[in-house]
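By convention here, the first residue in the shown sequence is residue 1.
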Amino acid sequence: MDLDLLLADLDPDQRAAVLSDGGPLCIVAPAGSGKTRVLTRRIARRLADGSADAGHVLVITFTRRAAGELTRRLSTLGPRDAVAAGTFHGLAYRLLRQRWQDQRRRAPDLAPSRLRLVEEVLTERNRAPIRGVALEMTAEIDWARAQRAAPEAYCRAATAAGRRTHAAPAQVADVFARYEHLKNQRRLVDFDDLLSLARTEVERDAAYAAAIRWRFRHLFVDEFQDVNPLQHALLEAWRGGRADLCVVGDPHQAIYGWNGADGRWLESFAEHHPGATILRLRHSHRSSPQIVAFGHAILTGAADGAPQVTRPDGTAPRLVRFADAPSEARGVAAMVRDARPPGGRWRSIAVLARTNAQLEPVADALSRAGIPARRRGRPSEDPIVAAALAELRSVTGPGSLRSWLEETLADEPADTEHEDGAGAVLPAPFVRAVEDLLAQEPAADGPALRTWLSTGGGGDGLASGEDAVALLSFHAAKGLEWPTVVVIGAVAGVVPHSSARTSAARAEERRLFHVAVTRAERELIITCYGSQPSSFVDALETSVEPAIPPPAELRPLAVPPTVDPVLAALRAWRRDAARAARIEETAVVEDRTLAAIAAARPDSIEALAEVTGFGPLMARRHGPRLLAAIAPALALAGPPAPDRRRS
């Protein structure tokens, strides 16, 4: 691999992080600074120069989607051998299954639902379980497990942390103890047990610890601000005090403190790892200067000190006020319809809300307007996927999953393929999930896939590849980005949420709003209703826009928009390249980069290399085929308009 090409499209801070020989190494990466690019390039650089071996690399992410994205990006950079990547829970369960098999120990069953077990405990106690109470109890048990607090220590830990619950701490502790007893009685383990058991196996057996540490010599951790004490303890058990550790994170995106995450592991990294190297990425490559400045002002209240921005100027973030929530929902549907550019895709737009309940009226308004929208859901909510998962219960034995997948895909009718490469039988995102697992575990079977999906991380459902507006909560949107983002419901009591009663909780709400607005690349619209907008929007430099009353009914556009022939040719080239490599289309080239290439109208490798987001490495790898694919369209479309600019 050519090191110069590997570094050619990186900024100085990114290059320093990729080339650093420091260890332990902490890379602080603000929103939009390219942390995934830096992480993958750093791994690729170390594989190329021999300072790391692919078979001994372990990459820990917080969602299965992130692990798959990282391994797909690595595959486009040249390394032939796959690295081990996955979530804490998924990796722990994989190692435990192998451990139990080697020792011929009967493996416990994985509890299908912690909430269901808590409801059983409450039924025994009260004979009338209330779902809200069960949800709160489950959340408190999850928090306690993350803090490594046993039932008898819950009251003390909850008091010290300022936890506030409707039930008395003693009642929570009692349910917690009974929950643990019920699990033991049925030989069940839950997700947090996987982490505790994996750590115990390492700590009680020196030979096993040596084998694990020999196998995983090079450790990389993404989203390190989201690590909780239990996960950190497991990481340290795997690391064994060695210096070959690289973590990436952003303290301004620490938004899971309510669930036990502790951003202090990132903020005080140097204290816990004497001699560590701390590097900071100071450039934002995702959003316009106006959006970056607003996101910074939300956090600090100041206009100065924001990350340096490489994107061109865009429109200022807008705040639109409506009379009430129903008017807001209809108004958002109208704005979404107007936000899609001619020839553009609905998937370039996202509507984000503090709670999932706020998205329901918007989803209804979009549906009435004929605008396609999608929500992130559990795999079992797709009837095709649910049927496949049910069938996979009986697909057992080494290598059976690969055989099942190949046979199923071979049986799909050739004329039922969709535009995004998905077949009529199995949706493309589900196929990618199976292939991600097989890249890690070639001998996996059906039950292993079910576990792989269930340990994929919170909110990591099999998102559809259809062209539709994304409807997500602030938490679920973390790690994603769109050209246009509409943040709804920015009213007092919701943003920040009324449940945030402590200063720490309110600070987390501020970071959460910062995460939401920095998902936008070019256009950011914030909506509210009533007379009390959120205090967080005070950072906007413009006054509140008077809202045009939304129409009572919206109708789909009667005339389909004209598609740029160059962009259409680029999409066809990308689709073919993704199918040939058996990877996701956006792993080849992202949508915004594809649009930038279409705008630039490149007619040479050199011109293609100058397009921001593509660069010399990609131009050298894909340039000849890409240019050949768009040549006929270029001849028809002619040169770019004088006012086009690369982005």
Side-chain angles (χ1 to χ4, degrees), residues 1-61 66-67 69-85 216-225 242-250 253 266 269-270 273 275-286 307-310 479 587-590 593 609-622:
M1 182 183 301
D2 189 321
L3 182 60
D4 290 336
L5 284 174
L6 194 64
L7 303 174
D9 56 349
L10 302 181
D11 67 41
D13 294 339
Q14 292 174 332
R15 287 194 195 96
V18 169
L19 293 173
S20 174
D21 291 325
L25 173 65
C26 175
I27 303 171
V28 180
S33 61
K35 70 176 180 62
T36 304
R37 170 174 288 198
V38 167
L39 190 59
T40 53
R41 297 292 178 90
R42 179 171 176 80
I43 296 171
R45 189 273 297 176
R46 293 198 56 189
L47 297 181
D49 67 18
S51 63
D53 181 274
H56 296 286
V57 169
L58 179 64
V59 186
I60 304 172
T61 66
E69 175 69 13
L70 185 141
T71 54
R72 285 190 288 271
R73 287 199 191 189
L74 270 177
S75 70
T76 67
L77 295 176
R80 295 182 178 180
D81 298 326
V83 302
F216 299 129
R217 305 176 199 173
H218 323 294
L219 301 177
F220 298 83
V221 186
D222 193 14
E223 304 286 8
F224 196 64
Q225 77 279 350
R242 294 166 298 163
D244 200 343
L245 169 69
C246 172
V247 306
V248 183
D250 177 15
Q253 296 187 67
L266 176 67
F269 189 83
H273 302 85
T277 298
I278 311 294
L279 298 177
R280 299 180 184 276
L281 306 183
R282 295 168 294 181
H283 294 79
S284 173
H285 304 284
R286 173 190 299 155
Q308 301 174 42
V309 183
T310 60
V588 179
V589 180
E590 295 178 351
T593 304
E610 292 178 1
V611 176
T612 302
F614 204 70
L617 181 64
M618 293 290 286
R620 178 176 173 180
R621 181 179 297 275
H622 297 294

Participant: Can you tell me how far OG1 of Thr61 sits from CZ of Phe220, rounded to the nearest 0.5 angstrom?
Facilitator: 14.0 Å
Participant: Can you check whether Asp11 reaches His285 side chain to side chain, under 4.5 Å on heavy atoms?
Facilitator: yes
Participant: Looking at every non-hydrogen atom in both residues, tell me the closest pair between Ala85 and Thr71 and how far apart they are.
Facilitator: CB-CG2, 3.9 Å
Participant: Could you tell me if the side chain of Leu245 sits less than 4.5 Å from the side chain of His273, heavy atoms only?
Facilitator: yes
Participant: For Val248 and Ala29, which heavy atoms make the closest approach, and how far apart are they?
Facilitator: CG1-CB, 4.1 Å
Participant: Do you know which two heavy atoms are closest between Ser284 and Ala31, and how far apart they sit?
Facilitator: OG-O, 3.9 Å
Participant: Identify the residue among Arg73, Arg72, Lys35 that makes a side chain to side chain contact (heavy atoms under 4.5 Å, CB included) with Thr40.
Facilitator: Arg73
Participant: About how many Å separate CD of Gln253 and CD of Glu223, when rounded to the nearest 0.5 Å?
Facilitator: 6.5 Å
Participant: Determine whether His218 and Ser51 make a side-chain contact, defined as any pair of heavy atoms from C-beta on separated by less than 4.5 Å.
Facilitator: no
Participant: To the closest 0.5 Å, what do you measure between CG (Leu19) and CD (Gln14)?
Facilitator: 11.5 Å
Participant: Are the side chains of Leu70 and Asp222 in touch, meaning some heavy atoms are under 4.5 Å apart?
Facilitator: no
Participant: Are side-chain heavy atoms of Val38 and Ile27 found at a separation under 4.5 Å?
Facilitator: yes
Participant: Using only atom types and a distance under 3.5 Å, with no angle test, would you say the side chain of Arg15 pairs donor to acceptor with the backbone of Leu10?
Facilitator: yes
Participant: Which atom pair, heavy atoms only, marks the closest approach of Leu3 to Arg45?
Facilitator: CD1-CG, 3.7 Å
Participant: What is the minimum heavy-atom distance between Gln225 and Asp250, and which atoms define it?
Facilitator: OE1-N, 2.9 Å
Participant: Look at the rings of His622 and Phe614 and say which category their plane angle falls in: under 30° parallel, 30 to 60° tilted, over 60° perpendicular.
Facilitator: tilted
Participant: To the nearest 0.5 Å, tell me how far Asp244 CG sits from His56 NE2.
Facilitator: 11.5 Å
Participant: If you count the non-hydrogen atoms of other residues, nucleotides and ligands that lie under 6.0 Å from CZ in Arg242, is the total more than 12?
Facilitator: yes
Participant: Using a strict cut-off of less than 4.0 Å between a Lys/Arg side-chain nitrogen and an Asp/Glu carboxylate oxygen, indicate whether Arg41 and Asp9 qualify as a salt bridge.
Facilitator: yes
Participant: Over all heavy atoms of both residues, which pair between Leu281 and Pro30 is shortest? Give the atoms and the distance, please.
Facilitator: O-CD, 3.0 Å
Participant: How long is the span from the CZ atom in Arg46 to the OG atom in Ser20, to the nearest 0.5 Å?
Facilitator: 10.0 Å
Participant: Looking at Ala609, is its backbone amide N or carbonyl O close enough to the side chain of Arg620 to form a donor-acceptor pair, meaning the two atoms are under 3.5 Å apart?
Facilitator: no
Participant: Is there a side-chain contact between Leu279 and Asp13, using heavy atoms and a 4.5 Å cut-off?
Facilitator: no
